[in-house]
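Predicted model, so just to flag it, every value in this text is computed and none were measured.
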Amino acid sequence: MDTNITPSNFIEQAIVEDIKTKGLKKIVTRFPPEPNGYTHIGHAKAICIDFLTAEKFHGYTNLRMDDTNPSKESEVYVKALMNDIKWLGFKWKHLYYASDYYEFIYQCAIDLIKQGKAFVCDLAADQVSNMRGTLTEPGQESPYRNRSIEENLKLFEEMRAGKFADGEKTLRAKIDMSHPNINMRDPVIYRIMHVRHFRQGDKWCIYPMYDFAHPLSDAYEGVTHSLCSLEFEDHRILYNWVIDNCRILPGVKPRQIEFARLNIDGTVISKRYFHELVDGGYVDGWDDPRLPTLASFRRKGYTPTSIREFCTRIGVAKSNSVVQPHILEACIREELNKNAVRAVAVIDPIKVNITNYPANKTEKIKVSNNPTINNSKKHDMIFSNELYIEREDFMAEPSPKFFRLTPNGYVRLMGAYIIKCDEVIYDENGNIDHLNCSIVYDAKEQGIKPKGTIHWLSRPHAIKVTTRKFFNLLKEGEVFESGMLDKIINPNSMVEHTSFVEPFVLKQKGNMQFVRMGYYIEDSKLSKKTDRYYIETVSLKDSK
RNA sequence: UGGGGUAUCGCCAAGCGGUAAGGCACAAGACUUUGACUCUUGCAUGCGGUAGUUCGAAUCUACCUACCCCAGCCA
């Protein structure tokens, strides 16, 4: 095993130490999602950590569905999870299900009972809770704690056989009711649930708890490093207890290492709340552009590499940090800048008439598909006397630093002519109806060099679309709390415009970057829904 | 009043006793038929605080302070 690998974070550092001290031959990690919701950006971080860490040490990663609670899980989510992991570009070595180990886990429980380290408890849930003690006071031992091994064995078998109702009995590890760590106060490791499992059917009516199934699954698979998020730090002591006390476990003991989960400013990352938002109809579905699910990012045109790059940039550490969304945006913008085909979109249009251009005339104007690429392909835009320009590109009363179109001012139409705004025509409400402009054919001779360049579209040729800009779910610094659902997605969280794009975009298949003067709509993809086209934008880069 | 953690630039984050990497953001300038991109430059005498050890401390020690997680038969 190569020990000359330079660790780049504390996890890799720990692994390097383990390789030296334990003589590990192969590094194995696992990504263990519970299939009870769609993949989100927080998963993506964990996926990257799990897969990239193993990859760095020339090891491998398993995908394991942590399906130990049949009441919340379904096949739909395992498909989505697998699809999203593949989409991110990762390949798991083995696909496992914790439910495949139910028999093994059951045998481990029996082994624990035989050692006198587990007992069947008849206490009801609220009684267990009451007797657990508090954070500062020790708990009380269950009156069933000292049943004989034989009785425990018999009872546990009967639990499996379905002799008891839900909640009537549990199997508990016999550890220490006065342990300062509450997880060690005789934790429940098996509960009775007469619920059909999406893979096991009705084969089982007892299901192992996470704290029992997880370490056993890791060890069973030969996982060497079990990477999880910080909230499981308290569970590590139990994790190790399970592994240390199961005598029928093969192989090396896995080591659990915790890292901080991802927080993004203004974003709720929680499967539970996604369920509420989706089920409550607050959002369109799991791929609603406002949700930070991978399905949503995919729909908005984010690429897998940009998500991966984001995960790399934010790093891995143990401090509870909140990253700013613009880091992700920078990742996708950077990539799109280099690769994406660019097209013009006029998001919020105003009409411009060119008074000195023949009404029936059109001409083709060659536009580069991506000016950052040398010799990039070009496509045609059609110029006519009837145009749209962006409302923001005209100011009736310009500020000093504004150098786009102003009354009697000059501006360059991208790829085409320099025009002068001769007249502003208002409607009866005092809003701008259209602009009358003229082409300055002899700008060179006159020495006119406009500072600004704006984009434009020929009105007769433009394709009508709807653009929707979404804002973050939460305001800056706001923390999501239950009961805030209706406040989260308010009418102001979306602005919709009737917009126009050039016909060229209809022929494009991949991601596009839509051009506006001074802005990039970074994450856009033309998608056809029913009879309308939508460009869903998440954020705009305001360059001034 | 218990246990487990974390504190380094606006936001992430390296650093592991030898005198504060990098990215994002921001600012200034150059270039420009996208105010984009690209380029160049700037951006912590300071590492939660206070003492101490040391020739030398973000790194070691002590004591504080702030914040996060834990009392599901969820994961």
Would you mind classifying the nucleic acid contact of A:Arg172 as base, sugar-phosphate or nothing, using non-hydrogen atoms under 4.0 angstrom?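 No contact.
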
Heavy atoms only, 4.0 Å cut-off, all strands: where does A:Phe310 land among base, sugar-phosphate and nothing?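 Contact class for A:Phe310: none.
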
Could you check how far [atom1] of [X] sits from [atom2] of [N], rounded to whole Å?
{"X": "A:Asp234", "N": "B:C68", "atom1": "CG", "atom2": "C1'", "value": "11 Å"}
{"X": "A:His179", "N": "B:C70", "atom1": "NE2", "atom2": "C1'", "value": "12 Å"}
{"X": "A:Asp393", "N": "B:U33", "atom1": "CG", "atom2": "P", "value": "17 Å"}
{"X": "A:Asn263", "N": "B:C69", "atom1": "CG", "atom2": "P", "value": "10 Å"}
{"X": "A:Leu328", "N": "B:A25", "atom1": "CG", "atom2": "C1'", "value": "15 Å"}
{"X": "A:Glu335", "N": "B:U38", "atom1": "CD", "atom2": "P", "value": "14 Å"}
{"X": "A:His455", "N": "B:U32", "atom1": "NE2", "atom2": "P", "value": "22 Å"}
{"X": "A:Ile182", "N": "B:C70", "atom1": "CD1", "atom2": "P", "value": "11 Å"}

Does OP1 or OP2 of B:G5 have a side-chain N or O of A:Arg236 closer than 4.0 Å?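 Looking at the OP1 and OP2 atoms of B:G5, one of them is under 4.0 Å from a side-chain N or O of A:Arg236.
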
With sugar-phosphate taken as primed atoms, P, OP1 and OP2 and all else as base, the protein-contact string of nucleotides 10-17 of chain B at under 4.0 Å (heavy atoms; B, S, -) is BSSSS-B-

Kindly say whether the aromatic ring centers of A:His194 and A:Trp204 come within a distance under 6.0 Å.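 Not close enough - the centres of the two rings lie 6.0 Å or further apart.
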
Are A:Phe198 and A:Tyr77 close enough that their ring centers fall under 6.0 Å?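 Here the rings of A:Tyr77 and A:Phe198 have centres that are no less than 6.0 Å from each other.
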
Applying a 3.5 Å limit to both distances, which nucleotide forms a Watson-Crick or G-U wobble pair with [N]?
{"N": "B:C39", "answer": "B:G29"}
{"N": "B:U61", "answer": "B:A51"}
{"N": "B:C67", "answer": "B:G5"}
{"N": "B:C24", "answer": "B:G10"}
{"N": "B:G17", "answer": "none"}

Taking the [atom1] atom of each, how far is [N] from [M], in whole Å?
{"N": "B:U65", "M": "B:C24", "atom1": "C1'", "value": "30 Å"}
{"N": "B:G23", "M": "B:A14", "atom1": "C1'", "value": "11 Å"}
{"N": "B:C12", "M": "B:G3", "atom1": "C1'", "value": "29 Å"}
{"N": "B:U59", "M": "B:G17", "atom1": "P", "value": "11 Å"}
{"N": "B:C70", "M": "B:U8", "atom1": "C1'", "value": "28 Å"}
{"N": "B:A30", "M": "B:G22", "atom1": "P", "value": "25 Å"}
{"N": "B:A58", "M": "B:U45", "atom1": "C1'", "value": "14 Å"}
{"N": "B:U32", "M": "B:A20", "atom1": "P", "value": "40 Å"}

Qualifying salt bridge (charged side-chain N to carboxylate O under 4.0 Å, His left out) pairs, either residue in residues 5-17 of chain A, two or more places apart: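 Qualifying pairs, neighbours excluded: A:Glu12-A:Lys56.
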
With salt bridge (charged side-chain N to carboxylate O under 4.0 Å, His left out) as the rule and sequence neighbours excluded, what pairs involving residues 135-144 of chain A come up?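 Output for this query lists A:Glu141-A:Arg145.
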
Suppose we screen for salt bridge (Lys or Arg N to Asp or Glu O under 4.0 Å). Which residues come up paired with A:Lys45, at least two apart in sequence or across chains?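 For A:Lys45 there are no salt bridge (Lys or Arg N to Asp or Glu O under 4.0 Å) partners, ignoring immediate neighbours.
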
Under the salt bridge (Lys or Arg N to Asp or Glu O under 4.0 Å) rule, collect the residues that match up with A:Arg308, sequence neighbours excluded.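 If we apply the salt bridge (Lys or Arg N to Asp or Glu O under 4.0 Å) test to A:Arg308, skipping adjacent residues, there are no hits.
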
Suppose we screen for side-chain hydrogen bond (donor to acceptor under 3.5 Å, both in side chains). Which residues come up paired with A:His379, at least two apart in sequence or across chains?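 A:His379: side-chain hydrogen bond (donor to acceptor under 3.5 Å, both in side chains) contacts with A:Asn369, A:Glu502.
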
Got a sec, which residues hit side-chain hydrogen bond (donor to acceptor under 3.5 Å, both in side chains) with A:Asp244, two or more places apart in sequence or on another chain?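 Expected list: A:Lys253.
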
Could you pull out the protein-nucleic contacts involving nucleotides 72-75 of chain B (nitrogen or oxygen on both sides, under 3.5 Å)?
residue, atom, partner, partner atom, Å
B:G72, OP2, A:Ser129, OG, 3.4
B:G72, OP2, A:Arg132, NH2, 3.3
B:C73, OP1, A:Arg132, NH2, 3.2
B:C73, OP2, A:Arg132, NH1, 3.2
B:C73, N3, A:Gly167, O, 3.4
B:C73, N4, A:Leu123, O, 2.6
B:C73, N4, A:Ala125, N, 2.9
B:C73, N4, A:Gly167, O, 3.1
B:C74, OP2, A:Arg191, NE, 3.2
B:C74, OP2, A:Arg191, NH2, 3.1
B:C74, O3', A:Arg191, NH2, 3.1
B:C74, O2', A:Asn69, ND2, 2.9
B:C74, O2', A:Lys72, NZ, 3.2
B:A75, OP1, A:Thr68, O, 3.4
B:A75, OP1, A:Thr68, OG1, 2.9
B:A75, OP1, A:Arg191, NH1, 3.3
B:A75, OP1, A:Arg191, NH2, 2.9
B:A75, OP2, A:Tyr210, N, 2.9
B:A75, O3', A:Asp66, OD2, 3.2
B:A75, N6, A:His235, NE2, 3.3

Tell me which one of A:Tyr190, A:Phe212, A:Tyr102, A:Tyr106 satisfies ring-ring contact (aromatic ring centres under 6.0 Å, His included) with A:Tyr207.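 One option only clears the test, and that one is A:Tyr102.
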
I'd like to check the side-chain contact (heavy atoms from CB on, under 4.5 Å) partners of A:Ile439; sequence neighbours left out, ordered by chain and number.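 Listed in chain order: A:Ile354, A:Asn356, A:Tyr357, A:Phe383, A:Tyr417, A:Ile419, A:Tyr441.
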
Report the relative orientation of the aromatic rings in A:His214 and A:Tyr239; use parallel for angles under 30°, tilted for 30 to 60°, perpendicular for over 60°.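 The arrangement is tilted - the two ring planes meet at 30° to 60°.
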
